[in-house]
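When reading the values below, keep in mind they use all heavy atoms of this one structure, side chains included, and skip hydrogens, waters and symmetry mates.
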Amino acid sequence: MDRQREKGGDTNGENSTPKMEGNVPIPRPFMGVKDRRFASFRMVVKGDYLDVESNSLLSDILSKRGDQKLLFADRITKLSGSGKIKQRAMMITDRAIYLADVDSYALRRRIPLASVDRICLSKLKDNFFALIIPTEYDCLMASTRKTEIVSILVEATKIKPAYEISVVFSNRIEYRSSADTTKIVLFEEIEGGIKTRIINKTYR
């Protein structure tokens, strides 16, 4: 398992000249570890993909809790404790992560940044990431903008060393899907793509 905590500077090598294969740039591994898709490498960073300012229901969620500095907003896929796939509107501020229903925009969960211990990712070209939250249950999600999300969360907590979020890379991720259930996500590179399996952890 590789554990890395950003300490400033160009840790990803994003700003240096990329290596080329012919006329095509070769994506650099994210934080020097995780392989990246070409789509991720070329993606334009925007931040707010939901236009929160123009959505009164989403903006009210933030204003009612005194959050004014929005860092990121987009639709993501969340895996529930029972294994169901749900779509959520994710908003990240300098204080917390918000997950809301994509239809009603009702708030489903607020996660203070201070409660997130680490973010777990595989070393392969997939879209999964897990937020590990020791005081609550963890959160397994997927997004094509995973790299942007992780970078924003790490950067947002850099100035607060007391709860700076670390990033862990492993092709075997354990997370608590509920208070009494731990699951394991296994990633394997196969011909034509990435194979992902989620199993319950058994105790002997």
Exercise for the section: Specify the closest pair of heavy atoms between Ala73 and Asp48, including all atoms of both residues, with the distance to one decimal. Expected result: CB-OD1, 3.4 Å
Completion exercise
Note: Ile165 and Arg118 closest approach over all heavy atoms is CG2-CA, 4.0 Å
Check: [Y] main-chain N/O paired with [X] side-chain donor or acceptor under 3.5 Å:
X      : Y      : answer
Ser59  : Asn55  : yes
Asn171 : Ser122 : no
Ser115 : Pro112 : yes
Thr157 : Val154 : yes
Lys146 : Asp126 : yes
Arg145 : Gly47  : no

Taking only residues two or more places apart in sequence or in another chain, which ones pass side-chain hydrogen bond (donor to acceptor under 3.5 Å, both in side chains) with [X]?
X      : result
Gln87  : Thr77
Lys201 : Glu174
Thr135 : none
Arg109 : Glu136

Exercise for the section: Could you check if a side-chain atom of Val167 sits within less than 4.5 angstrom of a side-chain atom of Leu153, using non-hydrogen atoms only? Expected result: no
Problem - Sub-4.5 Å side-chain heavy-atom contact between Cys139 and Lys78 - result: yes
Sequence-distant partners of [X], side chain to side chain contact (heavy atoms under 4.5 Å, CB included), two or more places apart:
X      : answer
Lys195 : Glu188, Ile190, Arg197
Lys64  : Asp60
Asn200 : Thr181, Lys183
Ser54  : Asp51

Practice task
Mind running side-chain contact (heavy atoms from CB on, under 4.5 Å) on Ile173 and Ile184 for me, showing each step along the way?
Solution key: CA-CA 6 Å; Ile173 296 174; Ile184 301 171; over 6 Å; no
Handout entry: Pairwise ring-ring contact (aromatic ring centres under 6.0 Å, His included) hits with a residue in residues 82-121, at least two apart
Key = none
Completion exercise
Residues pairing under ring-ring contact (aromatic ring centres under 6.0 Å, His included) where one sits in residues 55-75, two or more places apart or in two chains, turn out to be Tyr49-Phe72
Practice task
Share the residues that join Val102 in a hydrophobic cluster, the rule being Ile, Leu, Val, Met, Phe, Trp or Tyr side chains under 4.5 Å apart at the heavy-atom level.
Solution key: none
Practice task
Kindly give the cluster partners of Ile159, where membership spreads through any ILVMFWY side chain lying under 4.5 Å from a current member.
Solution key: none
Problem - Check ion pair Lys69-Asp94 (N to O, under 4.0 angstrom) - result: no
Exercise for the section: Go through the steps to decide whether Ser104 and Leu57 satisfy the test side-chain contact (heavy atoms from CB on, under 4.5 Å), and finish with yes or no. Expected result: CA-CA 8 Å; Ser104 66; Leu57 296 176; over 6 Å; no
Handout entry: Between CZ on residue Arg108 and CE on residue Met90, distance to nearest 0.5 Å
Key = 16.0 Å
